[in-house]
> 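Structure below; questions to follow.
In what follows, chains carry the letters A, B, and so on, assigned in the order in which the sequence lines appear, proteins first and then strands, with residues in each chain numbered from 1. Keep in mind that what you see is a predicted model, and the values were worked out from it rather than measured.
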Amino acid sequence: MSDTEEFAQTLLEWFDRSGRHDLPWQQNKTPYRVWVSEIMLQQTQVQTVIPYYERFMEAFPTVEALAQADQEEVLSHWSGLGYYARGRNLLKTAQIVVNDFQGHFPQDLEGMMALPGIGRSTAGAVLSIASQQRHPILDGNVKRVLCRYNAVESWSGEKKTEAMLWKRADELTPEQRFDDYTQAIMDLGATLCTRSKPKCDACPVQKNCQAWQLNRVADFPYAKPKKAKPTREKAMTILLNENRQVFLQQRPQKGIWGGLWSLPEMSLDQHETHIKSKVETRCDKGLNLIEWPLFKHTFTHYHLIIHPFFLDEVSSIKLEGEWFTVSEALSKGLPAPIRKLIKQLESSND
DNA sequence: AAACCGGGGGG
DNA sequence: CCCCCAGGTTT
């Protein structure tokens, strides 16, 4: 027996012995029932899906029943599962299947993948489980299993790694009992070969697992590379009038710091000309614009480098906003870095 | 707080 | 093609 045959055989023996065989979608395995389960399971664990699946099947027992529903009704049964685009795709696909295919799902991979919300892995799973066609699958569970079993030294999101994993998934899929195998390898990933603390002691394929042999199980699968956060730079201008009041603007409701009061923000290259056109001071020798030390702030998705500029003795201004005493300003809802800047104003009070 | 997840859609 | 996203769960 070859290594690949041994993998499938060992997995199937484990599945017969220890796998789950009584899940709702494992009874009466029609393409419709399997498809609904696969879509729900894409985003949610088995235990959560079970009650949703049962209510959904009661409400929409057939693809015809689903196709006739309106979107609101479908989404009400989806409510709590998240990713509502997938609930909408579910309805779209049901309508296509009923209107274009007389209620029968396409029985080939291409046709299945053309339906909204169905990609290669979901198409493979439905055709394998409901239509007894041999197709590999590669969902998150399977990727994790294969990355460990083969000690894959790269992240599965890389195109070439993913292509290799599909090839490996295909090689390991047996010629017989591929429907059970599809279930089995997903079960293995979900119950034993878990993301953290995998239960290697109970694993049926431990002996040939490369990660196990290397004693490097925790190294796989490789994590997605953290994308470097982009850096953006903005000028923020601290404007003071003769009464030592500071000028604040309320930010637009949408976007960063939505609705909060903040300093006037301008792009770096335009801000000086912009200020000159909008602001006048008592000083007649031009604007005495002073740049303060750079100020850094990190958001979830980017770094912001603030170039603070300071301008005193402002006599008139043509910008939307209001003047506040420093203590008034500090009592407002300010973004944390802006608060720190304005606090410097308070302490440098002379 | 951050990683994760299948497929869709935009740049 | 590559990047980003949704939105709830897990760590």
> Taking side-chain contact (heavy atoms from CB on, under 4.5 Å) as the criterion, tell me which of Val46(A), Val36(A), Ile129(A) meets it with Trp25(A).
Val46(A)

> Do any N or O atoms of the protein come closer than 3.5 Å to N or O atoms of nucleotides 8-11 of chain C, and which pairs are they?
residue, atom, partner, partner atom, Å
dT10(C), OP1, Gln45(A), OE1, 2.7

> Got a sec, which residues hit side chain to side chain contact (heavy atoms under 4.5 Å, CB included) with Glu158(A), two or more places apart in sequence or on another chain?
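Glu158(A) satisfies side chain to side chain contact (heavy atoms under 4.5 Å, CB included) with Ser154(A), Trp155(A), Lys160(A), Thr161(A) once adjacent residues are dropped.
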
> Tell me whether the NZ or CZ atom of Arg148(A) lies within the 45° cone about the ring axis of Trp212(A) and under 6.0 Å from its centre.
no

> Looking at Lys159(A) and Glu162(A), is any side-chain nitrogen of the basic one under 4.0 Å from a carboxylate oxygen of the acidic one?
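A salt bridge is absent here (no side-chain N lies under 4.0 Å from a carboxylate O).
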
> Between Glu13(A) and Arg17(A), does any NZ, NE, NH1 or NH2 come within less than 4.0 Å of an OD or OE carboxylate oxygen?
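No, Arg17(A) and Glu13(A) are not salt-bridged.
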
> Is any side-chain heavy atom of Val49(A) less than 4.5 Å from a side-chain heavy atom of Leu23(A)?
no

> Closer than 4.0 angstrom, basic N to acidic O: yes or no for Asp170(A) and Arg134(A)?
yes

> Round to a whole Å and report the spacing from NZ of Lys224(A) to P of dC5(C).
10 Å

> Rounded to the nearest Å, what distance is computed from the CG atom of residue Leu41(A) to the C1' atom of nucleotide dC4(B)?
16 Å

> Whole angstroms only, please: what is the CE-P distance between Met40(A) and dG7(C)?
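Answer to the nearest Å: 16 Å.
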
> Could you go step by step and tell me if Ser315(A) and Glu242(A) meet the side chain to side chain donor-acceptor pair (under 3.5 Å) rule?
CA-CA 7 Å; Ser315(A) 55; Glu242(A) 296 99 323; 5.3 Å; no

> Is Arg144(A) touching bases, backbone alone, or none of the nucleic acid, heavy atoms closer than 4.0 Å?
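Sugar-phosphate only.
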
> Can you give me the N/O atom pairs linking the protein to nucleotides 7-11 of chain B at distances under 3.5 Å, or say none if there are none?
residue, atom, partner, partner atom, Å
dG7(B), OP1, Gly119(A), N, 2.8
dG7(B), OP1, Gly119(A), O, 3.3
dG7(B), OP1, Thr122(A), N, 3.0
dG7(B), OP1, Thr122(A), OG1, 2.7
dG7(B), O5', Gly119(A), N, 3.3
dG8(B), OP1, Gly117(A), N, 2.5

> Excluding sequence neighbours, so at least two apart, what forms ring-ring contact (aromatic ring centres under 6.0 Å, His included) with Phe178(A)?
none

> Expressed as a whole number of angstroms, how long is the span from Glu162(A):CD to dC3(C):C1'?
14 Å

> How would you list all residue pairs meeting salt bridge (charged side-chain N to carboxylate O under 4.0 Å, His left out) that involve residues 192-208 of chain A, not counting sequence neighbours?
Glu6(A)-Lys207(A)

> Kindly indicate whether a cation-pi arrangement holds for Arg88(A) with Tyr84(A), taking the cut-offs as under 6.0 Å to the six-membered ring centre and within 45° of the axis.
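No, Arg88(A) does not lie over the aromatic ring of Tyr84(A).
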
> Both distances under 3.5 Å, Watson-Crick or G-U wobble: on that basis, could you give the dot-bracket string for DNA chain B, with [ ] for crossing pairs and | for other-strand partners?
|||||.|||||

> Rounded to the nearest Å, what distance is computed from the CD1 atom of residue Ile137(A) to the P atom of nucleotide dC5(B)?
14 Å

> Between Lys159(A) and dC1(C), is there a side-chain N or O to OP1/OP2 distance below 4.0 Å?
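For dC1(C), OP1 or OP2 has a side-chain N or O of Lys159(A) closer than 4.0 Å.
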
